[in-house]
Asks: 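Have a look at the structure that comes next, please.
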Amino acid sequence: PSPTSSPLCHPLVRAGQALPEKVKIVEVGPRDGLQNEKTIVPTETKIHLIDMLSASGLSVIEATSFVSPKWVPQMADQVEVMKGIGRKPGVSYPVLTPNLKGFQAAVKAGASEVAIFGAASELFSKKNINCSVEESLQRFDEVMRTAKEAGVPVRGYVSCVLGCPYEGKVAPEKVAHVAKRLYSMGCYEISLGDTIGVGTPGSMSKMLEVVSREVPVNALAVHCHDTYGQALANILVALQMGISVVDSSVAGLGGCPYAHGASGNVATEDVVYMLHGLGIQTGVDLPKLMDAGAFICRTLNRKSNSKVAQATCKL
Amino acid sequence: MGNVPTTVKHCLSYEQLIQDYPWLKRWLLEEKEIVPTGVKIQLIDMLSGTGLPVIEATSFVSSKWVPQMADHTDVLRGIQREPHVRYPVLTPNMQGFQDAVAAGATEVAVFGSASETFSKKNINCSIDESMLRFEEVIKAAKERQIPVRGYVSCALGCPLEGHIEPSKVSQVAKRLYEMGCYEISLGDTIGVGTPGSMFKMLQSVMNEVPTNALAVHCHDTYGQALPNILTALQMGVCVVDSAVAGLGGCPYAQGSSGNVSTEDVLYMLHGMGIETGVNLTKVIEAGDFICNALRRDTNSRVARARTL
């Protein structure tokens with residue numbers, strides 16, 4: 001690897017490097033998290049979880065997904081959830097919309113922000129949604145146009161940014177290409193996802209270096225999976241490179257769909273603990289967040305994936 | 001290289017070493033059954049074959065206090081010593097040191113704390129008193145040309161005192177270094193540290209002890225170990241303690257994780273292009289072996305992901 005791309009040697013990436021003062025956390029537990037849990041959760045439970053998360057100070061909570069319930073039965077109650085949650089002023093509740101039909105249903109149910117996604121891997125795109133990356137982006141053209149007219153902001157997700165379960169290595173240039181496309185199409189923010197958690201500070205810094213040449217760093221977010229325990233280290237490097245938006249899931253809900261039993265999403269509690277330890281403001285009340293995590297784990301009858309939640313010794 | 005900062009020079013000219021400390025003493029305190037000597041020996045022999053340069057084999061603490069280490073002499077005599085591997089052992093006092101030498105130890109370690117309260121509770125004496133004990137050991141070790149490693153516990157927080165001032169850590173680290181320890185391992189005993197506190201603490205210690213004589217020993221109780229290690233690496237530290245399969249719970253938090261897993265550390269280091277000389281697959285195998293023997297799950301996320 002070139003000396004300038006290692007996070008030890010990158011001229012910008014040094015310990016003590018000025019980090020963002022504030023980081024926005026995008027809480028994906030109720031959608032990405034619950035969608036990938038084995039147990040299907042009742043509507044009231046989802047609503048209560050989202051309400052608890054709203055009370056913890058989070059400013060963005062991904063509430064549900066308007067994908068057809070045929071494909072994602074866990075999100076079949078999308079309309080009831082949208083209508084049932086308490087909308088805290090100042091908090092955004094984006095929803096996933098895979099196509100125009102989903103977008104229209106989302107808006108009808110009261111959504112005021114949506115998200116679309118593309119993959120940085122051709123094979124992943126074909127296997128997952130049965131079309132090439134370019135075709136998938138074209139499908140979103142309609143959604144983007146309609147959203148623009150309706151004044152609805154759109155967030156873009158790119159998956160497989162640090163590796164693909166089918167292709168293996170993914171070129172940073174491919175990630176940059178897809179991120180740039182989504183950004184030029186009108187997405188206000190692009191969340192770069194390490195879908196199978198294989199990334200390390202090495203591949204994260206290389207990828208961000210390339211992507212930040214095409215998309216302004218203040219429009220980028222990282223969505224790290226902790227399948228190989230690398231999430232927090234990867235997030236730290238991203239912060240050092242100017243990223244100030246981090247996706248995470250309360251209690252680390254949502255396993256890795258490609259490695260049965262492996263962990264998936266990084267736990268919001270663990271991210272917040274690190275950020276607060278760095279003196280970075282998040283607006284989140286950690287004890288209240290932990291209450292929300294404890295609630296959903298009790299309901300799912302499972303242990304939290306958050307190490308902060310598991311630790312019982314307190315300073 | 002001109003204006004290239006020190007950190008860059010380090011990563012281009014020094015080989016990053018990773019040191020593995022199975023922490024047999026610590027994790028066995030949490031295991032209900034005492035692990036048979038044969039299993040310990042087999043674990044160490046497997047680790048010797050992975051490329052790890054340092055493997056902490058056992059502890060010469062009195063078996064009255066740590067019954068799980070009662071077989072320390074048998075372990076040290078029973079392992080196959082790989083030519084390029086070192087096998088340090090813990091020696092809390094002169095008695096332990098003499099027993100260790102008699103059993104064939106060629107490197108020892110002493111254990112100080114940055115917290116007075118922790119020192120009193122753990123080893124029944126103040127930090128100063130403990131330093132006097134170690135001075136004896138270090139003197140005797142010097143005469144025999146046996147290198148001594150120094151540990152400082154509670155470097156980022158104490159279960160009893162709470163916040164620990166970085167200056168206290170540097171004081172203790174400096175003392176151990178000046179007494180003759182060749183390397184000081186700074187331990188986040190309860191895993192409460194974050195890159196923020198790690199940075200501040202290392203900044204302070206690096207004023208008193210040369211960076212190339214420092215190591216970090218991070219616990220993963222709050223999931224912060226890898227970002228803390230990354231911070232240390234970025235500051236020029238190139239020695240990292242870890243435990244295969246993340247064995248050894250946090251003794252102060254029932255059910256919490258403790259030591260960071262060697263497998264997870266290696267995965268990160270290799271992903272960053274840092275050389276360790278260690279074969280990750282073989283470490284995973286050693287981890288599988290000991291977890292089977294202990295009938296427990298691994299704490300390593302890499303090991304879990306790889307076996308799925």
Side-chain angles (χ1 to χ4, degrees), chain A residues 1-3 5-11 13-17 19 196-205 226-237 239-240 252 256 258-263 266-267 269-271 273-280 306-308 310-315, chain B residues 4-5 7-8 10-12 16 157-159 162-163 190-199 202-203 220-236 250 252-257 260-261 263-265 267-274 300-302 304-308:
Chain A
S2 106
S5 58
S6 157
L8 286 184
C9 311
H10 194 292
V13 179
R14 302 212 319 257
Q17 165 76 21
L19 296 172
I196 46 172
V198 289
T200 65
S203 52
M204 173 63 87
S205 58
D226 205 38
T227 321
Y228 287 76
Q230 309 294 305
L232 287 187
N234 292 343
I235 290 168
L236 178 60
V237 160
L239 296 175
Q240 290 173 335
C256 175
Y258 304 93
H260 183 70
S263 61
V266 68
E269 298 92 318
D270 300 359
V271 174
Y273 185 90
M274 180 174 81
L275 295 176
H276 289 182
L278 281 163
I280 295 173
S306 155
K307 290 212 154 156
V308 169
Q310 287 167 27
T312 49
C313 74
K314 289 183 171 54
L315 252 194
Chain B
V4 164
T7 318
V8 178
H10 267 123
C11 86
L12 292 179
Q16 304 278 23
C158 169
H163 175 74
I190 45 171
V192 289
T194 64
S197 54
M198 173 64 85
F199 177 75
L202 283 177
Q203 241 186 347
D220 205 37
T221 321
Y222 288 76
Q224 308 295 307
L226 287 188
N228 290 344
I229 290 168
L230 176 60
T231 300
L233 295 173
Q234 289 176 333
M235 292 177 81
C250 174
Y252 304 93
Q254 253 292 336
S256 289
S257 60
V260 67
S261 312
E263 298 92 318
D264 298 0
V265 175
Y267 186 89
M268 180 173 82
L269 296 176
H270 292 176
M272 289 165 65
I274 295 171
S300 157
R301 293 222 151 134
V302 169
R304 222 177 299 154
R306 281 280 175 92
T307 56
L308 295 168

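The chains referred to below are lettered A, B, ... by the order of the sequence lines, with proteins before strands, and numbering in each begins at 1.
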Asks: For the interface with chain B, which of A/Asp270, A/Ile235, A/Leu232 has the highest count of heavy-atom pairs at distances below 4.5 Å?
Replies: A/Leu232

Asks: Report which part of A/Leu236 has an atom under 4.5 Å of a heavy atom belonging to chain B: side chain, backbone, both, or neither.
Replies: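 It is the side chain, since no backbone atom gets that close.
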
Asks: Within a strict 4.5 Å, meaning less than it, do heavy atoms of the A/Tyr228 and B/Arg306 side chains meet?
Replies: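 Counting from C-beta outward, A/Tyr228 and B/Arg306 do come under 4.5 Å.
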
Asks: If you count heavy-atom pairs under 4.5 Å between each of B/Pro227, B/Gly271, B/Ser197, B/Ser261 and chain A, which one has the most?
Replies: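 The answer is B/Pro227.
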
Asks: Where on A/Val198 is there a heavy atom nearer than 4.5 Å to chain B: the side chain, the backbone, both, or neither?
Replies: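 Looking at A/Val198, backbone and side chain both touch chain B.
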
Asks: Search all heavy atoms of B/Asp264 against all heavy atoms of A/Gln230 and return the closest pair with its distance.
Replies: O-NE2, 3.3 Å

Asks: Which atoms form the tightest heavy-atom contact between A/Gly229 and B/Arg301, and what is the distance?
Replies: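 That would be N-CB, 3.6 Å.
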
Asks: For the atom pair CD (A/Gln310) and OG1 (B/Thr221), what is the distance rounded to the nearest 0.5 Å?
Replies: 10.0 Å

Asks: Under 4.5 Å from any heavy atom of chain B, what part of A/Asp226 do you find: side chain, backbone, both or neither?
Replies: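 The answer is both parts of A/Asp226.
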
Asks: To check you understand the geometry: which heavy-atom pair defines the closest contact between B/Met272 and A/Gly202, and what is its length?
Replies: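 Shortest heavy-atom contact: CG-N, 3.6 Å.
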
Asks: What are the two closest non-hydrogen atoms of A/Leu278 and B/Gly196, and how far apart are they?
Replies: CD2-N, 3.4 Å

